[in-house]
Amino acid sequence: MTDASNSALVLGATGGIGSEVARVLRARGWDVRALHRNPMRAAASNPDLHWVQGDAMEPTSVERAADGMAVIVHAVNPPGYRNWGGLVLPMLDHTIAAAVKNGARVLLPGTVYNYGPDAGEAVDEGASQNPVTRKGKIRVEMECRLRTASSRGAKALVVRAGDFYGPRCGNSWLAQGMVPTTGPVKRVFNPARAGVGHAWAYLPDLAETMVRLLERRDELADFDCFQFGGTWVDDNRAFAEAIRLAAGSPGAPIYRFPWLFVHALAPFHETAREMREMIYLWQRPLRLVDDKLRRFLGPVPSTPLEDALRITLQGYGRSDPSRLLIARPSTSLKFCARGALSPSCAIIKPAGNSDPE
């Protein structure tokens, strides 16, 4: 689709997923409008967008910015994630109201928080959603409101994915949990229980997938949902090993993530409480089955993990270019089906390396 209907308002265009979707939209010829409280400052991050002044927490700002837009990308969160539980639903309501008025389709980046421990180890779009966390229940309610809005003139597309990472995504488990210190990677923390797999989503691939879906939105249901499988690791330690290889630090030790410290800090610190609430996702596998997406789109964007991590760590300023390895057959990463990295076919540990874990 290349006609004038390819216009989008992006809420959260300076955030991780919002900025990536905005970049892909512009690269594919869309007219992209971005809402920000300080548009002159925001324009420095992406001058190709049409920045307008406003606040996603003000309904009139969203309504004015969405005027004439065919798509609204709802990738926004409260500043600093403060009072997330109290503000996220009202913010979505403002987007829904603007979408109903314009007959627009809302794109919501979804998460795995919707699924509780009863969902099983591999979930598709029809899996039961019985979240046990406050954040998960809010996520389910967000999708319920979008489904209701689809009967009132708006349309909605939800694309669920695992943990985000990418060169412009500093607010992530990779950046803040697995390699939290500054400078070249000297150690890696593994939040997962030994032998537990985890779902990851490289944001440039996810954003490209979302935009391809939007470009075929006339073929979608008024409310539609897709799972993005991304990169699945059968054991998250394989992801930790891939990090240190991509960083040029193959001998960096891998430590257990200090969950005891998080538990102790949680009563006094909001971020620690949020981390503790989602610990179950590191204690049991939860894989997103993306058969529906592949039937609809065909091949799905999939950057090899070693390249995705190298680009991500360079974006964080965490790699040491002088120490990056030239991959040899004995040490190179091997990728399993659908971008998955399995410990049985992934990384051969360098000889003599001993990792505290």
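Computed from a predicted model, the values in this text were never measured in an experiment.
Distance CZ/R28 to CZ/R212: 6.0 Å, rounded to 0.5 Å. Residue H74 holds its NE2 atom at 8.5 Å from CD1 of I96, rounded to the nearest 0.5 Å. Distance check: F164 CZ to L174 CG gives 13.5 Å after rounding to the nearest 0.5 Å.
Side-chain N or O atoms of T303 include none that pairs as donor or acceptor with a backbone N or O of A308 at under 3.5 Å. At least one donor-acceptor pair under 3.5 Å links the side chain of N102 to the backbone N or O of G68. R276 contributes no side-chain N or O that, together with a main-chain N or O of W259, makes up a donor-acceptor pair within less than 3.5 Å. A donor-acceptor pair under 3.5 Å is absent between the side-chain atoms of R105 and the main chain of L214, judged by distance alone. In this structure a side-chain-to-backbone donor-acceptor pair under 3.5 Å is present from H94 to A56. Side-chain N or O atoms of Y316 include none that pairs as donor or acceptor with a backbone N or O of I311 at under 3.5 Å. With E125 contributing its side chain and Q227 its backbone, the two residues share a donor-acceptor pair below 3.5 Å. Between the side chain of R244 and the backbone N or O of A252 there is at least one donor-acceptor pair closer than 3.5 Å. A side-chain donor-acceptor contact under 3.5 Å links S7 to the backbone of A70.
A salt bridge is absent between D291 and R294; no separation between the charged side-chain nitrogens and carboxylate oxygens falls under 4.0 Å. Between E141 and K137 there is no salt bridge, since none of the side-chain N atoms of the basic residue sits less than 4.0 Å from a carboxylate O of the acidic one. Between D224 and K292 a salt bridge is recorded (basic side-chain N to carboxylate O distance below 4.0 Å).
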Side chain to side chain contact (heavy atoms under 4.5 Å, CB included) assessment of D31 paired with N6: CA-CA 6 Å; D31 174 24; N6 276 10; over 6 Å; no
L108/R139 under side chain to side chain contact (heavy atoms under 4.5 Å, CB included): CA gap, chis, key distance, verdict: CA-CA 10 Å; L108 177 70; R139 279 286 175 177; 4.2 Å; yes
Intermediate values then yes/no, side chain to side chain contact (heavy atoms under 4.5 Å, CB included), F223 and T148: CA-CA 9 Å; F223 176 89; T148 300; over 6 Å; no
Derivation of the side chain to side chain contact (heavy atoms under 4.5 Å, CB included) call for L305 and F239: CA-CA 9 Å; L305 181 58; F239 195 80; 3.7 Å; yes
Salt bridge (Lys or Arg N to Asp or Glu O under 4.0 Å) evaluation trace for E277 with R273: CA-CA 6 Å; E277 186 178 60; R273 286 195 297 274; over 6 Å; no
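Shown here are the salt bridge (Lys or Arg N to Asp or Glu O under 4.0 Å) partners of E63, two or more places apart in sequence or in another chain: K101.
For residues 38-60, the side chain to side chain donor-acceptor pair (under 3.5 Å) pairs, not counting sequence neighbours, are E58-S61. Counting only residues at least two apart or in different chains, salt bridge (charged side-chain N to carboxylate O under 4.0 Å, His left out) contacts with residues 147-170 comprise E20-R168, E143-R160.
Hydrophobic cluster membership of F261, counting Ile, Leu, Val, Met, Phe, Trp and Tyr whose side-chain heavy atoms lie under 4.5 Å apart directly or via other members: L265. Connectivity analysis of hydrophobic side chains (ILVMFWY, heavy atoms under 4.5 Å, direct or indirect) links M278 to V112, Y113, Y115, V123, Y280, L281, L286, L288. Chaining together hydrophobic side chains whose heavy atoms lie under 4.5 Å apart leaves L260 on its own.
A centroid separation of less than 6.0 Å is found between the aromatic rings of W173 and F257.
Closest heavy-atom contact between C169 and L203: CB-CD1, 3.6 Å. Counting all heavy atoms, side chain and backbone alike, A207 lies closest to V21 at CB-N, 3.7 Å. Of all non-hydrogen atoms in L206 and A161, the two that sit nearest each other are CD2-CB, 3.9 Å.
Residues N190 and W282 have side chains that never bring a donor and an acceptor to within less than 3.5 angstrom of each other.
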